[in-house]
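In what follows, a structure is listed as structure tokens, so that the remarks can point back to it.
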Amino acid sequence: MQLQHNSSEFLNNKMNDMNLPHDDKTCGWYAALPPPGPARRLSGRHVADYAVIGAGFAGLAAARRLAAHEPHARILLVDAQRVAEGASGRNSGFVIDLPHKFALENPDPEFKQRLLRLNRTAIDQLQSLVRKHDIACQWSHAGKYQGAVGERGLAYLAHFEKLMSALGEPYRPVEGTELARVLGTSHYSRAVYTPGCYLMQPAALVRGLAGSLPDNVELLENSPVTRVERDGNGGYVLDGADGQIHARRLLLGTSIFTREFGYLENRLLPVMTFASWTAPLNEDQSKRFSGTFDWGLTPADHAGTTLRMTQDRRIIIRNTYRHVPKYGRSVDDGTRERIRAEHRKAFVARYPELADVPFTHTWGGVYAISRNFTNFFGQLEDGVFASACDNGVGAAWGTISGTLLADYAVGAQSSLLDDIHAVTGMPSLNPPEPFLGLGVRTRIRLAAWQSRAEL
Ligand SMILES: Cc1cc2nc3c(=O)[nH]c(=O)nc-3n(C[C@H](O)[C@H](O)[C@H](O)COP(=O)(O)OP(=O)(O)OC[C@H]3O[C@@H](n4cnc5c(N)ncnc54)[C@H](O)[C@@H]3O)c2cc1C
């Protein structure tokens, strides 16, 4: 996809009041890791061949691949926060091979086969990096349960089974005592197990990926880029608070924040979702829990609750969506408390025998969706490339789109590049405010109400 920016006054008009990433410090995954070593910040003047902004799945994969293509190039990877503080380090840890809900509805079977190929390539890539660099991130080929509680969820599951059959993908319905024995709860009426999903500890994985970057990638953290402009020589100048980068080419792995650079401004929508988890269950609590460890369940009806039991015996609840026009900041403590109370209800409904087990962390994260659920991949302007709009499933997608973005930027060709061009496009335009906010909020509320049995 090629998008020409509309003018040479490129970017700067809106930089003064730009939204910068500022995620909450209450993410359990991050807190469970040892404190990171000191960060290298952007300071002084740097000249690089490539600058990559955003050290999430997309930016990390792009920088790694650029380095493989050009081992002598200087590649600067810059993030506004510490690695793993953004969405890539605070998600639910499902690395999903199957096309996401809306893509699954696509009538063209080849479209879905392309997505499967892309996601599975990403999974292979992550798995080989985890093995090669010995990244301790609870990486596990656990598959995924899609679980239904009420009638609406069951209808979605039946539909999902038909789609899996049509796609020729393996799945297995699980119900009754067999399901309860895995999940340790009889809250769910039925689930469909699909084997291709992997689970992981996202903050550990992302930190491990950053820690194993090739030598010619330099990572600069806590370094928000506050302005980008052309440098007059066909390259770009990136400004930070204490330094500047001059780069021949720029790759954006900035998800929703891509808007802040003047691109896809009226096409990406910022959505936050939230999670809470318990401490690892102790011996007594583990005895009261009648299920197994290391599994993940997503809701049959997408606005319901995601549930995970980690390898180290923590239970995670994720639900609640918010449209956040002022993205890049965490919610206030009162809102977090209210969301935690909702998570509590979902937890106790599933595990009344563990009602005394408290949550230790509640956190939120932002990602980008589009109204037509289309991902953007490609060139935004001469020398500027982006993968933006993950529609909420970005572990596999961010990895493969970042990798292929680097291929595209260096002019490589491959059948995977053909695949990604075929399944991406232009996110549709948003209506103006106040209609946009009203419409999105109404849709989120309606979805939550319709899925209330699954919450
Ligand atoms: C609670 C939650 C649960 C989720 N669960 C799952 C799941 O189980 N599986 C799944 O596949 N997906 C899940 N997602 C979505 C997934 O996390 C995202 O799709 C994915 O992280 C996108 O990766 P990315 O690299 O494109 O962007 P991000 O991870 O958002 O990375 C963008 C990076 O850019 C940096 N940045 C932005 N602006 C600037 C700037 N001006 N200067 C410097 N740096 C900047 C940010 O700090 C950030 O680190 C979940 C998301 C949330 C919030």
Side-chain angles (χ1 to χ4, degrees), residues 11 15 18-24 27-29 42 51-62 76-98 100 119 122-123 126 144 197-200 202-203 205-206 209-210 220-228 238-241 245 252-261 270-277 296 298 306 308 316-322 324 327-328 339 362-369 375-377 386-402 405:
L11 319 175
M15 282 291 162
M18 77 191 286
N19 293 305
L20 288 171
H22 194 75
D23 284 289
D24 62 51
C27 175
W29 297 116
L42 170 59
V52 180
I53 310 181
F57 284 111
L60 284 162
L76 293 180
L77 172 60
V78 199
D79 203 289
Q81 309 184 94
R82 294 308 305 263
V83 159
E85 283 188 330
S88 290
R90 55 178 56 235
N91 55 63
S92 301
F94 291 80
V95 192
I96 300 172
D97 60 333
L98 294 171
H100 193 37
N119 288 340
I123 290 174
L126 287 171
K144 179 168 85 67
C197 175
Y198 284 65
L199 298 177
M200 46 81 181
L205 174 57
V206 169
L209 292 172
L220 305 171
E221 297 171 272
N222 285 341
S223 304
V225 174
T226 51
R227 180 183 165 106
V228 175
L238 286 62
D239 284 339
I245 299 171
L252 298 175
T254 39
S255 185
I256 186 66
F257 297 92
T258 308
R259 289 183 9 170
E260 303 304 311
F261 298 105
V271 171
M272 267 187 104
T273 186
F274 300 84
S276 295
W277 80 1
T298 55
T306 294
R308 252 193 86 178
I316 305 174
I317 297 279
R318 189 212 52 81
N319 62 37
T320 310
Y321 293 94
R322 300 228 157 171
V324 283
Y327 51 92
I339 291 168
T362 297
W363 65 94
V366 66
Y367 58 87
I369 64 167
N375 307 70
F376 180 84
F377 170 93
S387 162
C389 195
D390 49 73
N391 288 303
V393 271
W397 181 258
T399 300
I400 193 63
S401 63
L405 198 66

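Atoms within each ligand, like the ligands themselves, are counted from 1 in listed order. All of these numbers come straight from a predicted model, not from anything done at the bench.
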Considering heavy atoms of the protein only, find what lies nearest to [atom] and give residue, atom and distance to 0.1 Å.
atom: atom 9 (N) of ligand 1; value: Phe94 O, 2.8 Å
atom: atom 32 (C) of ligand 1; value: Gly253 O, 3.2 Å
atom: atom 5 (N) of ligand 1; value: Ser92 N, 3.0 Å
atom: atom 14 (N) of ligand 1; value: Gly392 O, 3.3 Å

Would you mind running through ligand 1 and noting each atom that sits below 4.0 Å from a heavy atom of [X]?
X: Gly365; result: 53 (C)
X: Phe257; result: 37 (C), 38 (N)
X: Arg90; result: 1 (C), 2 (C)
X: Phe57; result: 25 (O)

So which bit of [X] gets within less than 4.0 Å of ligand 1, heavy atoms only: side chain, backbone, both or neither?
X: Ile53; result: side chain
X: Val225; result: both
X: Leu20; result: side chain
X: Arg318; result: side chain

Heavy-atom contact under 4.0 Å between [X] and ligand 1?
X: Glu260; result: no
X: Gly398; result: no
X: Val393; result: yes
X: Phe261; result: yes

All side chain to side chain donor-acceptor pair (under 3.5 Å) counterparts of Asn119, not counting sequence neighbours: none
Donor-acceptor side-chain pairing of Arg318 and Thr273 below 3.5 angstrom: yes
Listing, residues 391-398 side-chain donor-acceptor contacts under 3.5 Å, not counting sequence neighbours, or none:
{"residue": "Asn391", "atom": "OD1", "partner": "Ser370", "partner atom": "N", "Å": "3.1"}
{"residue": "Asn391", "atom": "ND2", "partner": "Phe373", "partner atom": "O", "Å": "3.4"}

Candidate with minimal heavy-atom separation from atom 24 (P) of ligand 1, of Ala55, Ser88, Ala386: Ser88
N/O separation below 3.5 Å, Ala58 to ligand 1: yes
Backbone or side-chain N or O of Asp390 under 3.5 Å from ligand 1 N or O: yes
